S.K.: 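Next up is a structure, given as structure tokens.
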Amino acid sequence: MSTRQNPAEFLKKVIGKPVVVKLNSGVDYRGILACLDGYMNIALEQTEEYSNGQLQNKYGDAFIRGNNVLYISTSTK
């Protein structure tokens with residue numbers, strides 16, 4: 001049986017790990033979560049941008065403003 005965790009615990013565990021960040025617009029950003037703040041502003045490293053499941057662009061580092069984020073999930077990169 002898995003233990004329950006709150007969102008803050010989840011986010012602490014995934015810093016430095018591959019994540020998928022889904023935006024309100026439907027675009028996905030996949031990369032290594034470098035850091036985030038209390039406003040859910042996100043810094044990603046080795047970032048890839050996906051639209052409709054297709055790779056659109058690659059970035060070294062990316063900053064995503066928190067009000068655009070729909071969710072963050074772990075990724076098996």
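Just so it is clear, the structure is predicted and the values come from calculations on it, not from any experiment. Only heavy atoms go into these numbers, but all of them, side chains included; no hydrogens, no water, no symmetry mates. Quick note: residue numbers are just sequence positions, from 1.
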S.K.: Give me the atom names and distance for the closest heavy-atom approach of Val69 to Met40.
M.R.: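 Here Val69 and Met40 meet closest at CG2-O, 4.1 Å.
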
S.K.: Name each donor-acceptor pair under 3.5 Å that joins a side chain in residues 6-14 to protein atoms two or more places apart or in another chain, with its distance.
M.R.:
from, atom 1, to, atom 2, distance (Å)
Asn6, OD1, Ala8, N, 3.1
Asn6, OD1, Glu9, N, 2.9
Glu9, OE1, Asn6, N, 3.1
Lys13, NZ, Gln5, OE1, 3.2

S.K.: With the side chain counted from C-beta on, respond yes when Ile15 and Leu36 share a heavy-atom pair under 4.5 Å apart, and no when they do not.
M.R.: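 Side chain of Ile15 against side chain of Leu36, heavy atoms only: contact under 4.5 Å found.
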
S.K.: Does Leu55 sit in a hydrophobic cluster with other residues, and if so which ones, taking ILVMFWY side chains as linked at heavy-atom separations under 4.5 Å, directly or through other members?
M.R.: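 ILVMFWY cluster around Leu55 also holds Tyr50.
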
S.K.: How long is the straight-line distance from CD of Gln46 back to CZ of Arg30, given to the nearest 0.5 Å?
M.R.: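 Nearest 0.5 Å value for the CZ-CD distance: 14.5 Å.
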
S.K.: Working to the nearest 0.5 angstrom, can you tell me the gap between Arg65 CZ and Ile42 CD1?
M.R.: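 Arg65 CZ to Ile42 CD1: 13.0 Å, rounded to 0.5 Å.
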
S.K.: Among all residues two or more places apart in sequence or in another chain, which pass the side-chain hydrogen bond (donor to acceptor under 3.5 Å, both in side chains) test with Asn57?
M.R.: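 Asn57 satisfies side-chain hydrogen bond (donor to acceptor under 3.5 Å, both in side chains) with Tyr59 only.
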
S.K.: Taking side-chain hydrogen bond (donor to acceptor under 3.5 Å, both in side chains) as the definition, give me every residue that meets it alongside Asn52, ordered by chain and number, with sequence neighbours left out.
M.R.: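 Not a single residue meets the side-chain hydrogen bond (donor to acceptor under 3.5 Å, both in side chains) criterion with Asn52.
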
S.K.: Mind jotting down which residue pairs meet the side chain to side chain donor-acceptor pair (under 3.5 Å) criterion with at least one end in residues 32-42? Sequence neighbours excluded, please.
M.R.: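 Pairs touching residues 32-42 that pass the test: Asp37-Asn41.
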
S.K.: List in chain and number order the residues that pass salt bridge (charged side-chain N to carboxylate O under 4.0 Å, His left out) with Lys17, two or more places apart in sequence or in another chain; answer none if no residue qualifies.
M.R.: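 For Lys17, no residue satisfies salt bridge (charged side-chain N to carboxylate O under 4.0 Å, His left out) once neighbours in sequence are set aside.
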
S.K.: Looking at side-chain heavy atoms only, is the closest gap between Thr47 and Val21 below 4.5 Å?
M.R.: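 When only atoms from C-beta onward are counted, Val21 and Thr47 do not touch, as no gap falls below 4.5 Å.
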
S.K.: Shared ILVMFWY cluster between Ile32 and Ile64, side chains joined below 4.5 angstrom?
M.R.: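 Looking at the clustering, Ile64 is in a separate group from Ile32.
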
S.K.: In this structure, would Val27 and Val20 fall into the same cluster of hydrophobic residues linked by side-chain contacts under 4.5 Å?
M.R.: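 Different clusters.
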
S.K.: Hey, is the main chain of Ser25 close enough, under 3.5 Å, to the side chain of Asn68 for a donor-acceptor pair?
M.R.: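 Answer holds: no.
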
S.K.: Rounded at 0.5 Å granularity, tell me how far OG in Ser73 sits from CG in Asp28.
M.R.: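 That separation rounds to 8.0 Å.
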
